[in-house]
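The following block contains the structure, expressed as structure tokens.
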There are 2 protein chains.
Amino acid sequence: MTTAQRPTLEAVARRAGVSRATVSRVVNGSTTVAEPIRAAVRRAVTELGYVPNLAARSLVTQRTDSVALVMPEAATRVFSDDQYFPGIIRGAAQELEAAEKQLVLMLAGSPAGHERVERYTTGRHVDGVLFASLHGADPLPGRLARLGIPVVCSGRPLGGTPVPYVDVDHIGGVNRAVQHLLDSGRRRIATIAGPQDMVGGIERLTGYQAAITPAGLPEWVAYGDFTRESGAAATWQLLAAHPDLDAIFAASDLMAHAALRTLRATGRRVPDDVAVIGFDDIETAAYTDPPLSTVRQPIQEIGRRMTRQLLRLAAGESIEPALVLPTELILRDSA
Amino acid sequence: MTTAQRPTLEAVARRAGVSRATVSRVVNGSTTVAEPIRAAVRRAVTELGYVPNLAARSLVTQRTDSVALVMPEAATRVFSDDQYFPGIIRGAAQELEAAEKQLVLMLAGSPAGHERVERYTTGRHVDGVLFASLHGADPLPGRLARLGIPVVCSGRPLGGTPVPYVDVDHIGGVNRAVQHLLDSGRRRIATIAGPQDMVGGIERLTGYQAAITPAGLPEWVAYGDFTRESGAAATWQLLAAHPDLDAIFAASDLMAHAALRTLRATGRRVPDDVAVIGFDDIETAAYTDPPLSTVRQPIQEIGRRMTRQLLRLAAGESIEPALVLPTELILRDSA
DNA sequence: TTGTAGGCGTTATCAA
DNA sequence: TTGATAACGCCTACAA
């Protein structure tokens with residue numbers, strides 16, 4: 001389907017009886033245009049339905065007015081119901097909207113996807129790059145940073161090159177949670193840890209250890225990948241090894257939810273026999289049976305702050321190398 | 001931070017000792033280049049780390065190689081844990097990735113956001129537009145279609161202009177669900193309907209009516225907006241009006257989940273006293289108490305199919321005006 | 001305050 | 001098969 005040519009600056013200029021330059025000035029809000037002319041141009045713009053061609057503008061301004069949000073995750077995790085990625089997306093979208101920039105979403109779960117993202121971002125097709133999460137010592141953020149491309153990560157990058165990031169106080173939050181378990185008399189406290197190639201997984205385990213060890217208690221650890229399935233498996237594992245455990249701290253609410261179910265399946269009552277605390281405070285947490293106590297992290301705020309940092313970076317400002325947001329222990333009925 | 005200039009076609013051409021045109025041909029895979037020259041150009045590209053400037057390319061090709069995905073939703077709904085939007089996003093992302101196109105995500109919950117989306121999309125900054133949902137008779141899809149901009153919607157558009165869409169068989173799915181309730185002896189069947197400015201909300205209610213009416217039973221309807229809160233409120237309403245109801249069909253799993261909780265709060269047992277069926281089959285559905293029976297819709301597949309249709313449209317092919325995917329009744333323990 | 005003119009990096013049309 | 005060369009639509013010195 002061939003469509004009517006869209007009007008260009010030139011067309012507007014002709015219609016308004018001025019030069020292209022003047023139209024450009026009006027469109028870009030320059031103050032050095034006389035009011036009557038400005039009005040005439042505005043009218044011409046409206047009549048013709050003129051909209052600037054971003055490609056042309058980008059070509060000369062060297063900006064693209066778009067930002068990439070990269071999610072280096074296997075498909076299954078990105079959009080399960082754990083709300084992490086959606087929360088980041090939403091926070092970023094809000095801030096970018098305010099800044100009139102576009103959000104380009106890139107999934108990079110597979111090696112091919114990761115490579116695609118690398119090509120695209122290093123090719124400077126965006127003004128900056130946000131990483132919604134990171135696995136292992138992914139070299140890409142560092143590489144981009146060294147190329148002078150603005151980057152901000154969610155979670156402290158494990159790679160060598162320092163890259164600005166926004167994270168939450170995992171350790172503090174988990175510490176408070178486990179401390180609460182100790183305070184309420186629990187003494188056989190296990191944990192379902194998250195993936196150990198991610199900072200969140202690592203630090204939440206550290207937080208558990210930091211509370212357990214000083215209390216002279218043994219560490220009982222099983223590993224999951226934040227999903228429900230892995231949480232169920234880990235719970236069975238813990239129960240097999242330590243049938244007498246009296247509390248579980250799970251590094252994600254999804255895993256905690258699975259633990260709740262599994263414990264019930266084995267006839268254990270929560271919190272009477274076993275207390276459970278999760279991490280995240282997803283919406284479902286208030287609706288589990290019993291309602292889940294958890295460590296809340298402000299996911300959407302992470303997305304917002306990352307974006308704000310990135311925009312400052314892209315504007316040439318220098319920014320804090322790290323921003324750490326607080327976590328909060330939410331007590332419901334499971335502990 | 002000033003960065004080393006990125007290499008241009010010109011630079012590669014000089015390095016390889018050929019003209020810009022030849023480099024362009026090699027980069028774009030033209031077959032009319034002699035092998036030795038092609039090799040030399042490839043080498044120069046690698047050595048210089050050349051990446052084409054998409055803005056420049058777009059300027060001359062008139063394509064942007066990007067597609068907008070618009071979500072005209074209030075922030076609260078887009079990223080609750082109902083997985084609808086994330087599922088659409090993921091399906092679209094997969095297909096776009098395969099087609100080497102970028103996904104530009106646009107939230108349009110507020111009037112300002114909606115207007116922003118309109119400016120951007122009508123400005124032809126993307127090769128096509130996907131609507132993840134629609135409220136009322138939103139004129140935007142029709143307007144874009146008339147401008148010759150490829151558009152595909154999720155859910156039949158209520159506006160006047162016909163726009164290609166992908167949807168699921170709401171009515172059939174709901175019909176089967178209510179029929180199942182009837183078959184198991186329920187006779188006082190209420191429904192929590194979805195928002196009546198959305199096709200999904202409307203048709204799921206129609207499906208309920210289409211099963212209830214022929215059975216000579218009364219329609220008991222309360223309205224929600226697909227969220228848990230609204231589902232809880234609607235359940236209270238229904239119970240107040242019809243304390244003796246023996247089944248509830250809810251137009252979303254989130255609302256069904258809230259119904260489950262509310263029923264329990266009033267001392268009713270599910271499914272003994274009241275049967276409950278939801279719609280969506282979100283991940284949580286298998287984890288509610290009791291596990292939720294529901295009508296499954298293939299959300300991710302909707303996203304994929306929409307995108308494929310859009311790409312065909314953008315390629316100049318003509319496509320089916322509508323694609324309707326099947327739904328499936330999943331029986332668990334709540335009914 | 002306004003206009004002229006050059007150039008941003010590609011692709012595409014011709015010639016050679 | 002390769003190379004000039006002209007667009008593509010816009011911004012921005014610089015000149016008037």
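Chain letters run A, B, ... following the sequence lines, proteins first, then strands; residues in each count from 1. No experiment lies behind these values; they were computed from the predicted model shown.
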Cut-off 3.5 Å, side chains only: do B/Arg146 and B/Thr161 have a donor facing an acceptor?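 A donor-acceptor contact under 3.5 Å links the two side chains.
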
Checking all strands, does B/Leu54 fall into the base, sugar-phosphate, or nothing category for heavy-atom contacts under 4.0 angstrom?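 Contact class for B/Leu54: none.
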
So what does B/Val51 touch, heavy atoms closer than 4.0 Å: a base, only the sugar-phosphate, or nothing? sugar-phosphate

Grab the CD-C1' distance between A/Gln62 and D/dC10 for me, whole Å please. 13 Å

Test of understanding: with side-chain hydrogen bond (donor to acceptor under 3.5 Å, both in side chains), list the residues that count as partners of B/Thr121, not counting sequence neighbours. none

Using a heavy-atom cut-off of 4.0 Å across all strands, would you classify B/Thr8 as base, sugar-phosphate, or nothing? sugar-phosphate

If the sugar-phosphate is the primed atoms plus P, OP1 and OP2 and the base is the rest, what is the B/S/- string for nucleotides 11-16 of chain D, using protein heavy atoms under 4.0 Å? BBB---

Over all heavy atoms of both residues, which pair between B/His125 and B/Ser66 is shortest? Give the atoms and the distance, please. O-OG, 3.7 Å

Should the pair A/Glu95-A/Arg305 be classified as a salt bridge under the 4.0 Å nitrogen-to-oxygen rule? no

Grab the CD-P distance between A/Glu10 and D/dC8 for me, whole Å please. 10 Å

Ignoring the backbone of A/Leu59, work out which of D/dT2, D/dG9, C/dT2 is nearest its side chain.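 Output: D/dG9.
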
Can a side chain N or O of A/Ser19 be found less than 4.0 Å away from OP1 or OP2 on C/dG3?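 Yes, A/Ser19 has a side-chain N/O under 4.0 Å of OP1/OP2 on C/dG3.
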
Hey, does the side chain of B/Thr22 come within less than 4.0 Å of D/dG3's phosphate (OP1/OP2), counting only N and O? yes

Atom-to-atom span, CZ of B/Arg6 to P of C/dC8 - whole angstrom: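 Distance check: B/Arg6 CZ to C/dC8 P gives 14 Å.
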
Take atom CG of B/Asn53 and atom C1' of C/dG7, then tell me their distance rounded to the nearest Å.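 From B/Asn53 CG to C/dG7 C1': 13 Å.
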
Atom CZ of A/Arg14 to atom C1' of C/dG3: distance rounded to whole Å? 16 Å

Side-chain contact, heavy-atom cut-off 4.5 Å: B/Phe85 with B/Ser154?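 In short, these two side chains do not touch, never coming nearer than 4.5 Å.
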
Taking the side chain as everything from C-beta on, heavy atoms only, tell me whether A/Val104 gets closer than 4.5 Å to A/Leu69.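 A side-chain contact is absent here, since even the closest heavy-atom pair is not under 4.5 Å.
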
Student check: side-chain heavy atoms of B/Tyr120 and A/Gln102 closer than 4.5 Å: yes

With DNA chain C as reference, determine whether A/Gly17 or B/Val23 sits nearer its 5' end, using the nearest nucleotide of each. A/Gly17

